[in-house]
Amino acid sequence: MPEILHVGKIVNTHGIRGEVKIVPNTDFADQRFAVGAKLTVLTTPPVAVTIASAREHKGLPLVTFRGYTDINQVLPFKGALLGATGTPNVDLADDEFMYKDIIGLDVVDTAGATLGTVREILSPGANDVWVVNRPGHQDLLLPYLRSVMLKVDLDNHKVTVDVPEGLDPEDAN
């Protein structure tokens, strides 16, 4: 069975004609949520869907699924994760990575001390922000900047970072 990647979450319905609002969790939202794209609503049991229409509203994708034309048909999907198989057909530069390759990497500082693991990637605007889960501590939010992300080593499953002064919430205590 192919690997299913979590690419978003259905957070609400929109209108009465079966449209749903999605918070993307993918680096290629324009391809993942395009008309004709095949997704899986990760409910029990999972439901395979195909996007019938897609548009953006307030910065988030609004889509309808083929065969789902009424709000009552999509209400059970509210809160469900969306999955997709395969990787979009894109060429990445040397300093670009797929979300699936980054999430789960071990994060170490310049001295080699382990800080935690990348839990998720946020895309608030100009730069992505990597959320580093640190057991027993607050999450560390690291902007994806060359001055912060010194080396991403996918082969050894780790990223070396230089945490800017004042960015670590534990320093404020």
Under 4.5 Å between side-chain heavy atoms, chaining through other members, with only Ile, Leu, Val, Met, Phe, Trp and Tyr counted: pull out the rest of the cluster around Val23, sorted by chain and number.
-> Val11, Leu60
Salt bridge (charged side-chain N to carboxylate O under 4.0 Å, His left out) pairs touching residues 12-25, sequence neighbours excluded, are Glu19-Arg55
same_hphob_cluster(Ile71, Phe65) at 4.5 Å side-chain heavy-atom cutoff = no
Does Pro45 offer a backbone N or O that forms a donor-acceptor pair with the side chain of Thr43 under 3.5 Å?
-> yes
Indicate yes or no: at least one non-hydrogen side-chain atom of Val20 is less than 4.5 angstrom from one of Val63.
-> yes
Using modelled atom types only, decide if a donor and an acceptor are shared between the side chain of Thr114 and the backbone of Val108 within a distance under 3.5 Å.
-> no
Determine yes or no for a side-chain-to-main-chain donor-acceptor pair under 3.5 angstrom, with Asn156 supplying the side chain and Lys158 the backbone.
-> no
Can you list every salt bridge (charged side-chain N to carboxylate O under 4.0 Å, His left out) pair that touches residues 103-130, not counting sequence neighbours?
-> Arg119-Asp139
Hey, does Leu140 have a side-chain heavy atom less than 4.5 Å from the side chain of Val131?
-> no
Co-membership, hydrophobic cluster, residues Ile22 and Leu75, 4.5 Å side-chain = no
Could you go through the side chain to side chain contact (heavy atoms under 4.5 Å, CB included) check for Thr117 and Val132 one step at a time?
-> CA-CA 5 Å; Thr117 58; Val132 179; 6.0 Å; no
Using 30° and 60° as the class limits, which term best fits the ring planes of Tyr144 and Trp130: parallel, tilted or perpendicular?
-> parallel
